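Quick caveat: nothing in here was measured; it's all calculated off a predicted structure. Sequence positions, counted from 1, serve as the residue numbers for this chain.
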Amino acid sequence: MPAIKEVFEQGNGILHLAPTWVPRGFNEPGKRLRLHPDDYYALGMDRGGICERWLGSLAKALNGPKTGENEGMSYVLEDEETKTLRLFKDYVDELGAELIGASLMERYGTWPTFAKLYDYDKPLFHHLHLTEEKANKIGMHGKPEAYYFPPQYNCSYLGRMPLTYFGFDPSTTKEQVMKCLEDYDKKDTRITELSRAYRIQLGTGWYTPAGVIHAPASLVTFEPQWNSDVNTIMENVTMGEVNPHNLLTDCAPEEEKNDLEAIFNQIDWEESTRPDYKETYFRVPKLKNESEEAVEKWVAYANDWVAAKEVTVLPGKEYVLTDQACYCALVVQGHGAFGAFECEAPELVRYGDITGDEFFVSETAAKNGVKIKNTSTYQPLVILQNFANNNVEVPKTV
């Protein structure tokens with residue numbers, strides 16, 4: 001295998017990542033991830049369908065007893081001819097600040113975030129992600145997250161329910177929610193009757209703090225998030241699918257698994273019942289830069305954890321993309337060159353194939369600028385970038 005430092009230098013500080021597919025035993029695949037139709041159950045029917053692709057990930061999926069040793073973790077393509085792969089985590093561990101920058105290394109000792117594309121045909125269950133404080137009780141990190149809805153992955157089908165429930169209506173009482181938890185194993189509690197639904201707009205996004213209960217819509221979603229996979233599912237029936245009791249308690253400490261009061265207290269009640277929830281957490285794109293060559297827009301911003309940007313390089317143009325922090329990049333439309341690499345958005349991918357759409361850019365390479373060339377005469381080259389919380393250019397306010 002080539003040395004990590006050698007691969008890093010050959011790419012001029014940019015790493016080419018292979019696709020990381022994640023199955024789930026709940027819901028159904030929306031089949032919009034550009035994976036071959038024969039491959040959505042490539043890990044076995046008992047594992048469920050592939051509903052997610054994780055990007056620049058050091059996190060292992062929480063997928064039950066049959067979870068693979070490195071399931072959910074990204075790999076670097078080290079040699080195009082031999083298809084040699086090595087864990088992205090090994091690169092972060094060995095290169096440290098040379099890859100992710102001094103600020104992230106000093107504060108977290110690692111790349112603390114990742115992004116995913118998730119693709120479910122039905123909406124997800126009403127659930128929450130633990131705050132850092134609650135997650136630390138089970139040796140994990142909290143999971144604040146942002147959403148962006150790329151038109152390129154949603155242009156033909158929005159799934160069965162393109163509405164997201166966020167929090168609870170401000171008129172909801174704690175007693176009403178506690179009653180739903182008490183009846184989790186008795187009847188369909190219809191907990192979303194206590195919530196508020198918003199129709200999703202393509203090309204926009206939301207921020208969801210840890211501790212806020214939510215039931216995401218059935219669109220393909222680009223989700224920058226903190227480096228964790230912890231959740232508590234408080235809806236027991238979702239579009240006819242029964243969610244077993246363990247999904248309510250899996251992320252509770254052993255001493256709290258039978259304590260409904262403790263599980264209820266995972267909810268950030270103030271944020272979940274915020275009257276101005278949309279005004280606070282809905283995100284329209286914010287223009288960063290526009291020229292004859294390209295357009296840059298912030299699509300996730302104004303939070304303390306994650307950020308994301310959409311970059312569009314116009315047909316036949318070259319553009320030097322400059323940023324102040326390391327990031328993972330995903331090509332969602334078009335083809336061309338990304339630094340020293342050929343890049344293209346895939347149309348159809350077999351499980352196990354390499355694609356040319358995912359890259360990790362070191363902090364130095366980002367600051368020096370990545371030359372991007374759109375080799376199409378007709379269509380734009382569109383790239384999504386996800387950052388941690390150390391990019392000083394990210395807008396602080398809505």
Side-chain angles (χ1 to χ4, degrees), residues 8 11-15 17 54-59 73-74 76 88-116 129 131-133 135-136 140-148 205-210 222-229 281 283 285-289 296-311 320-330 338-339 358-370 372 383-398:
F8 181 65
N12 298 319
I14 301 174
L15 302 174
L17 303 184
W54 290 17
L55 309 161
S57 168
L58 304 185
M73 301 178 73
S74 293
V76 175
F88 175 49
K89 183 180 185 300
D90 292 345
Y91 278 76
V92 177
D93 289 347
E94 181 167 323
L95 296 171
E98 191 174 3
L99 178 63
I100 64 173
S103 64
L104 289 181
M105 199 64 196
E106 290 170 5
R107 188 171 180 184
Y108 303 110
T110 189
W111 168 240
T113 182
F114 69 101
K116 65 175 65 163
H129 302 294
T131 62
E132 190 73 9
E133 177 189 3
N136 287 167
M140 302 290 286
H141 287 292
K143 190 191 169 194
E145 59 194 21
Y147 308 141
Y148 178 68
W206 293 77
Y207 174 66
T208 305
F222 177 68
E223 179 188 283
Q225 61 159 87
W226 212 240
N227 198 0
S228 183
D229 192 28
Y281 294 122
R283 299 289 184 264
K286 280 200 169 192
L287 183 66
K288 180 193 175 188
N289 184 52
E296 297 182 58
K297 297 177 181 178
W298 292 105
V299 296
Y301 53 89
N303 69 80
D304 294 330
W305 299 90
V306 294
K309 187 149 52 77
E310 179 191 74
V311 179
V320 177
L321 177 63
T322 303
D323 289 284
Q324 298 305 306
C326 64
Y327 59 88
C328 187
L330 178 72
F338 187 87
E358 186 180 347
F359 304 93
F360 191 87
V361 179
S362 67
E363 181 173 291
T364 298
K367 289 181 176 180
N368 289 340
V370 178
I372 302 172
I383 300 166
L384 298 177
Q385 306 166 272
N386 67 284
F387 301 86
N389 53 3
N390 64 322
N391 189 331
V392 296
E393 295 184 318
V394 177
K396 297 291 192 289
T397 59
V398 177

Hits for side-chain contact (heavy atoms from CB on, under 4.5 Å) against Ala146, two or more places apart or cross-chain, chain-then-number order -> Tyr207, Pro224, Ala300, Val306
Residue set satisfying side-chain contact (heavy atoms from CB on, under 4.5 Å) with Ala59, at least two apart, ordered chain then number -> Trp54, Ser57, Phe114, Asn227
Sorted by chain and residue number, the side-chain hydrogen bond (donor to acceptor under 3.5 Å, both in side chains) partners of Asp93 (sequence neighbours excluded) come out as Lys89
Taking every heavy atom of Thr397 against every heavy atom of Ala302, the minimum-distance pair comes out as C-CB, 3.9 Å
Hits for side-chain contact (heavy atoms from CB on, under 4.5 Å) against Glu94, two or more places apart or cross-chain, chain-then-number order -> Ile4
Separation between OG1 (Thr364) and CD (Glu98), nearest 0.5 Å, reads 7.5 Å
On a heavy-atom basis, the closest approach of Met105 and Ile100 is SD-CD1, 3.8 Å
inquiry  = Test your reading of the model: is there a side-chain donor-acceptor pair from Glu358 to the backbone of Gly56, 3.5 Å cut-off?
reply    = yes
Sequence neighbours excluded, the answer for ring-ring contact (aromatic ring centres under 6.0 Å, His included) partners of Trp298 is Phe387
Tell me, with the steps shown, if Phe359 and Ile383 meet side chain to side chain contact (heavy atoms under 4.5 Å, CB included). CA-CA 10 Å; Phe359 304 93; Ile383 300 166; over 6 Å; no
Hits for side-chain contact (heavy atoms from CB on, under 4.5 Å) against Asn289, two or more places apart or cross-chain, chain-then-number order -> Glu296, Tyr319
Separation between OG1 (Thr110) and CG (Leu58), nearest 0.5 Å, reads 4.5 Å
On a heavy-atom basis, the closest approach of Val394 and Ala307 is CG2-CB, 3.6 Å
Here the gap from Thr113 atom OG1 to Lys143 atom NZ, rounded to the nearest 0.5 Å, amounts to 10.5 Å
**Q.** Heavy-atom side-chain contact between His129 and Trp226 under 4.5 Å
**A.** no
Residues at least two apart in sequence or cross-chain that pass side-chain hydrogen bond (donor to acceptor under 3.5 Å, both in side chains) with Gln385, listed by chain then number, are Lys309, Asp323
| said: Measuring only between side-chain heavy atoms, which start at C-beta, is Val361 closer than 4.5 Å to Leu321? | reply: no
With sequence neighbours left out, the residues meeting side-chain hydrogen bond (donor to acceptor under 3.5 Å, both in side chains) with Ser103 are Asn390
Here the salt bridge (charged side-chain N to carboxylate O under 4.0 Å, His left out) pairs for residues 107-116, sequence neighbours left out, are Glu52-Lys116, Lys116-Glu223
Residues pairing under side chain to side chain donor-acceptor pair (under 3.5 Å) where one sits in residues 299-308, two or more places apart or in two chains, turn out to be none
Item to complete: State whether the number of non-hydrogen atoms from other residues, nucleotides or ligands found under 6.0 Å of Lys286 atom NZ is greater than 12.
Response: yes
Do Arg283 and Val299 touch side chain to side chain, with heavy atoms closer than 4.5 Å?
no
Closest non-hydrogen atoms of Cys326 and Ser362, given as atom of the first, atom of the second and distance, are CB-C, 3.9 Å
Show your working on side chain to side chain donor-acceptor pair (under 3.5 Å) between Asn389 and Tyr108 and close with a plain yes or no. CA-CA 11 Å; Asn389 53 3; Tyr108 303 110; 2.9 Å; yes
Taken in chain and number order and not counting sequence neighbours, the residues that satisfy side-chain hydrogen bond (donor to acceptor under 3.5 Å, both in side chains) with Glu393 are Lys288
Taken to the nearest 0.5 Å, the spacing of Leu330 CG from Glu310 CD works out to 11.5 Å
Contact between Val370 and Tyr327 at the side-chain level, heavy atoms closer than 4.5 Å - yes or no?
yes
- request: Could you tell me whether the side chain of Glu132 and the main chain of Gly142 form a donor-acceptor pair under 3.5 Å?
  value: yes
Sorted by chain and number, sequence neighbours left out, ring-ring contact (aromatic ring centres under 6.0 Å, His included) with Phe360 holds for Phe88, Trp111
Rounding to 0.5 Å, atoms CG (Leu15) and CG (Leu99) come to a distance of 6.0 Å
